[in-house]
Amino acid sequence: MSQKIQPPKGTRDFYPADMAVQNHIFSAWRRVCARFGFQEYEGPGFEHLELYTGKSGDEIVGQLYNFQDKGGRDIALRPEMTPTLARLANQLGRNLKRPARWFSLPRVWRYEKQQRGRLREFFQLNMDILGSDSVSADAELIAAACRICEELGLKSGDVVARISSRRLISTLLDELGCTDKPPVYLALDRREKLPRESFIAGLSEAGLSDDGIRRLDALFEAKSLSEVAPLVASDEARAALSELETLFSLLEAHQVGAWCRFDPTVVRGLAYYTGVVYELFDAGRSLRAIAGGGRYDDLLAKLGGERLPAVGFGMGDVVIAELLKDKGLLPTGIPGPELWLVSVDGDETRLAGAAAFLRSRGKEVGFAFGGGKLGKQMQAAQENGARKAVFVGSDRVAADQVEIKDLATGEQTVGTLEAL
Ligand code: HAM
């Protein structure tokens with residue numbers, strides 16, 4: 001006997017009930033994007049490998065799904081959308097209307113070890129603003145990320161947006177004489193996941209002295225912006241701090257202050273961030289990050305375009321779904337048609353005619369094929385998630401009339417197809 005083929009590791013099959021959950025999340029994403037005035041774009045699912053190697057995120061390069069195609073080209077499945085977005089914007093050059101507020105819901109692939117909340121194939125909402133230096137753009141996106149959580153039924157106590165600044169850490173690293181920052185960011189990003197010794201070893205390897213590590217540690221202990229002030233000396237660091245202060249007052253104005261918290265330990269693993277960075281977590285920290293993003297003002301130039309300031313975040317579908325499931329906020333069952341036609345006299349031609357009539361008027365209609373006993377047909381109505389049963393061809397009512405039963409309340413009425 002031949003063996004059943006299993007799905008590849010880290011992928012999901014979406015049966016109708018799973019798609020209902022997926023669509024619930026996607027439609028909340030789309031609604032909030034529309035409310036914030038964002039426009040949708042898409043790109044290819046695979047790109048030239050060189051779009052990712054070296055330039056964008058050291059962390060992600062190690063997780064690429066890549067191969068040579070039949071023409072000998074090095075190709076990678078997209079592990080994230082940001083490099084594609086940068087490529088698209090660079091292609092438009094001066095024709096890009098700025099600031100552009102764009103969103104996308106790509107399927108992305110990463111060769112990662114499968115864990116709770118971490119898969120090899122997932123969907124990721126991306127919201128980005130291209131062409132604005134203003135910290136208002138950072139605030140707009142953090143506000144949008146919080147509103148999405150709210151749209152899905154979460155409250156400010158359920159989710160925390162932890163916010164910091166790469167610029168702040170970068171200036172401190174300058175003060176410490178660090179010349180190669182990306183490995184430091186990566187080590188800092190993994191700080192909580194690593195044993196203390198490996199974390200320190202990583203920082204030393206990246207060229208930080210013991211004193212430098214102590215100063216970074218002190219920064220990481222800060223619980224508020226006012227605690228950071230005495231720890232930084234340079235004008236640039238003070239500018240980064242005052243930018244964060246402005247950001248937090250804007251977030252208050254956006255009425256998402258309760259969702260947001262300064263947290264200097266957030267640095268992000270991806271190499272391209274240059275300014276404000278943030279990650280959204282469930283308040284209990286039982287899951288990995290729900291979303292992450294920040295400012296990346298140099299990426300477009302690094303990928304061959306002009307310098308164009310940019311901000312954005314990505315929110316995967318996996319972690320948010322886990323959190324919604326834990327909180328009992330996911331829809332159950334499958335959405336069915338409003339009406340289920342039940343043939344009383346077994347006349348299938350009549351049933352098809354009634355269905356055609358109702359469908360032509362925009363109604364959602366289903367019916368069992370091949371007629372059969374009433375009980376069987378009613379069972380099919382239930383199984384298909386229909387909300388009302390419509391009995392066609394019953395001799396208890398006039399020829400142009402049908403009996404209608406509300407399947408939730410059991411209430412029965414009589415009417416015409418026209419009235420339905
Ligand atoms: P990221 O932090 O790599 O950022 O991913 C953002 C979110 O995608 C994560 O917080 C997580 O919810 C989800 N995610 C990432 N990897 C996986 C995985 N293996 N399985 C399930 N979910 C995952 C970026 O991708 C940036 N490109 C975001 C961005 C957009 N920055 C600026 N614009």
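Indexing begins at 1, ligand by ligand and atom by atom, following the structure's order. Just so we're clear, the structure is a prediction, and the values are computed from it rather than from any experiment.
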If you measure from each non-hydrogen atom of Leu270 to ligand 1, which part falls under 4.0 Å: side chain, backbone, both or neither?
-> side chain
Atom 28 (C) of ligand 1 - nearest protein heavy atom and its distance | Gly314 N, 3.4 Å
Please state whether the rings of Trp102 and Tyr41 are parallel, tilted or perpendicular, taking 30° and 60° as the class boundaries.
-> tilted
Nearest non-hydrogen atom to atom 32 (C) of ligand 1 belongs to which of Gly269, Ser104, Gly316, Gly312?
-> Gly312
List every atom of ligand 1 that sits less than 4.0 Å from any heavy atom of Val318, numbering the atoms from 1 in the order shown and giving each element.
-> 21 (C)
Run the numbers for me: atoms of ligand 1, each under 4.0 Å from some heavy atom of Leu119, listed by number.
-> 18 (C), 19 (N), 20 (N), 21 (C)
Which atoms of ligand 1 are found less than 4.0 Å from any heavy atom of Gly292?
-> 10 (O), 28 (C)
Any N/O of Met127 closer than 3.5 Å to an N/O of ligand 1?
-> no
Residue pair Ile163 / Phe248, side-chain heavy-atom distance below 4.5 Å | yes
Ring centres of Trp109 and Tyr65 under 6.0 Å apart?
-> no
Under 4.0 Å to a heavy atom of Gly117 - the qualifying atoms of ligand 1, by number = 20 (N), 21 (C), 22 (N)
Among protein heavy atoms, which lies nearest atom 18 (C) of ligand 1, and at what distance?
-> Phe122 CE2, 3.2 Å
Quick note on ligand 1: atoms under 4.0 Å from a heavy atom of Thr82 include exactly 26 (C), 27 (N), 29 (C), 30 (C), 31 (N), 32 (C), 33 (N)
Heavy-atom distance to atom 31 (N) of ligand 1: which of Tyr273, Tyr111, Tyr296, Tyr272 wins?
-> Tyr273
Closer than 4.0 angstrom: is that true for some heavy atom of Glu279 and an atom of ligand 1?
-> no
Is Arg162 close enough and on-axis enough to Phe281, meaning under 6.0 Å and within 45°, for cation-pi?
-> yes
Does any N or O atom in Ala289 lie less than 3.5 angstrom from one in ligand 1, N or O only?
-> yes
Enter the distance from Ser234:OG to Asp174:CG here, rounded to the nearest 0.5 Å.
-> 8.0 Å
Do the non-hydrogen side-chain atoms of Glu40 and Cys33 ever get within less than 4.5 Å of each other?
-> no
Do Arg110 and ligand 1 have an N or O pair less than 3.5 Å apart?
-> yes
Closest to atom 4 (O) of ligand 1 among Met81, Arg78, Arg268 (heavy-atom distance) | Arg268
How does Glu80 reach ligand 1, if at all, at less than 4.0 Å between non-hydrogen atoms: by side chain, backbone, both, or neither?
-> side chain
One finds that the ligand 1 atoms under 4.0 Å from a non-hydrogen atom of Asn126 are 30 (C)
Is any side-chain heavy atom of Leu219 closer than 4.5 Å to a side-chain heavy atom of Val228?
-> yes
Check each atom of ligand 1 against the heavy atoms of Glu112 and keep those under 4.0 Å away; list them by number with element.
-> 16 (N), 17 (C), 18 (C), 19 (N)
Could you walk me through whether Arg307 and Leu300 pass the side-chain contact (heavy atoms from CB on, under 4.5 Å) check?
-> CA-CA 6 Å; Arg307 184 182 174 280; Leu300 279 81; over 6 Å; no
Starting from atom 6 (C) of ligand 1, which protein heavy atom do you reach first, and at what distance in Å?
-> Gln124 NE2, 3.2 Å
Using the ring of Phe357 (Phe, Tyr or Trp, six-membered ring only), decide whether Arg361 places NZ or CZ under 6.0 Å from its centre and within 45 degrees of its axis.
-> yes
Short list, please: which atoms of ligand 1 are under 4.0 Å from a heavy atom of Asp128?
-> 30 (C), 32 (C), 33 (N)
Pick one: which of Val135, Val311, Leu141 meets side-chain contact (heavy atoms from CB on, under 4.5 Å) with Arg295?
-> Val311
Report yes if the side chains of Trp340 and Gln382 come closer than 4.5 Å at any heavy-atom pair, otherwise no.
-> no
Minimum side-chain heavy-atom gap Arg191-Phe220 below 4.5 Å | yes
